[in-house]
Colleague: 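Questions regarding the structure given below will be posed in turn.
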Amino acid sequence: MNELPTALYDAAGTRALDEAAITRYGVDGYDLMRRAGSEAYRVICRLWPDAQRITVICGSGNNGGDGYVVAELAAHERKSVRVVALSAPRSDSAARARAAAEAAGVSVDTGDEASVDECDLVVDAIFGTG
């Protein structure tokens, strides 16, 4: 199995990379979110190939949006997936990602009744670099 990359960026470096992708290279913010979520899902499938019941905990920012993309992709592969949303999305991109996940059949739980019981994998999409 290939090793994961070891290069890490601090929060300021990550924000600078995102900003450059959007402003210098014209990558749409939602497309950037889809790319991040897709790569995260690819790594999840490689590291936990037997995970069939996935819970994604989403915050309100763009990291939460990445989580909605993960959930959508898992649903398209017929995995049992649900989202625990800690609050409503703050950005248009994250709101689009949530709508796409819901359109793919992902259930979104909110409030105190949400739990992470009975799943094979929990994905943390709460905080990003903001």
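Everything numeric here is computed off the predicted structure, so don't read it as measured data.
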Colleague: Is a donor on one side and an acceptor on the other found under 3.5 Å between the side chain of D109 and the backbone of V84?
Modeller: no
Colleague: Please report the closest heavy-atom contact between G29 and I22, naming both atoms and the distance.
Modeller: CA-CD1, 4.2 Å
Colleague: Any chain of hydrophobic side-chain contacts (each under 4.5 Å) joining L47 to V69?
Modeller: yes
Colleague: Quick check: does any side chain N or O of K79 sit under 3.5 Å from a backbone N or O of A51, one acting as donor and the other as acceptor?
Modeller: yes
Colleague: Under a 4.5 Å cut-off applied to non-hydrogen side-chain atoms, are S107 and V83 in contact?
Modeller: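 No, side chains not in contact.
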Colleague: Please report the shortest heavy-atom distance between P89 and A95, naming the atom on each side.
Modeller: CB-N, 3.6 Å
Colleague: Starting at CD1 of I57, measure out to CG of N63 and round the result to the nearest 0.5 Å.
Modeller: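 One finds 12.0 Å between CD1 of I57 and CG of N63.
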Colleague: Please identify each residue that fulfils side chain to side chain donor-acceptor pair (under 3.5 Å) with E19, with sequence neighbours left out.
Modeller: none
Colleague: Please name the pair of heavy atoms, one in A97 and one in M33, separated by the smallest distance, quoted to 0.1 Å.
Modeller: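 Nearest pair, atom of A97 first, then M33: CB-SD, 3.9 Å.
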Colleague: Under a 4.5 Å side-chain heavy-atom rule over Ile, Leu, Val, Met, Phe, Trp and Tyr, are L17 and L32 clustered together?
Modeller: no
Colleague: Go through the structure and list residues passing side chain to side chain contact (heavy atoms under 4.5 Å, CB included) with A101, not counting sequence neighbours.
Modeller: Y68, E72, V106
Colleague: Do E77 and C45 have side-chain heavy atoms sitting under 4.5 Å apart?
Modeller: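 Of all side-chain heavy-atom pairs linking C45 with E77, at least one is under 4.5 Å.
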Colleague: Can you check side chain to side chain contact (heavy atoms under 4.5 Å, CB included) on R34 and L73, steps first, answer last?
Modeller: CA-CA 10 Å; R34 299 237 18 122; L73 295 173; 4.2 Å; yes
Colleague: Mind checking salt bridge (Lys or Arg N to Asp or Glu O under 4.0 Å) for D92 and listing every partner two or more places apart, or none if nothing turns up?
Modeller: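 Counting only residues at least two positions away or on another chain, D92 forms no salt bridge (Lys or Arg N to Asp or Glu O under 4.0 Å).
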Colleague: Taking all non-hydrogen atoms of both residues into account, name the closest pair between S93 and N62 and its distance.
Modeller: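 Shortest heavy-atom separation between S93 and N62 comes out as CB-OD1, 4.4 Å.
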Colleague: Could you tell me which non-hydrogen atom of G67 sits nearest to which non-hydrogen atom of V56, and how far apart they are?
Modeller: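 Nearest pair, atom of G67 first, then V56: O-CG1, 3.5 Å.
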Colleague: With S60, which residues qualify under side chain to side chain donor-acceptor pair (under 3.5 Å), at least two apart?
Modeller: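 Only R90 meet the side chain to side chain donor-acceptor pair (under 3.5 Å) criterion with S60.
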Colleague: Enumerate donor-acceptor pairs with a distance under 3.5 Å from any side-chain N or O in residues 118-125 to protein atoms, sequence neighbours excluded.
Modeller:
{"from": "D120", "atom 1": "OD1", "to": "R53", "atom 2": "NH2", "distance (Å)": "3.1"}
{"from": "D120", "atom 1": "OD2", "to": "Q52", "atom 2": "N", "distance (Å)": "3.0"}
{"from": "D120", "atom 1": "OD2", "to": "R53", "atom 2": "N", "distance (Å)": "3.0"}
{"from": "D124", "atom 1": "OD1", "to": "I126", "atom 2": "N", "distance (Å)": "2.9"}

Colleague: Residues two or more places apart in sequence or in another chain: which of them pass side chain to side chain contact (heavy atoms under 4.5 Å, CB included) with D31?
Modeller: V27, D28, R35
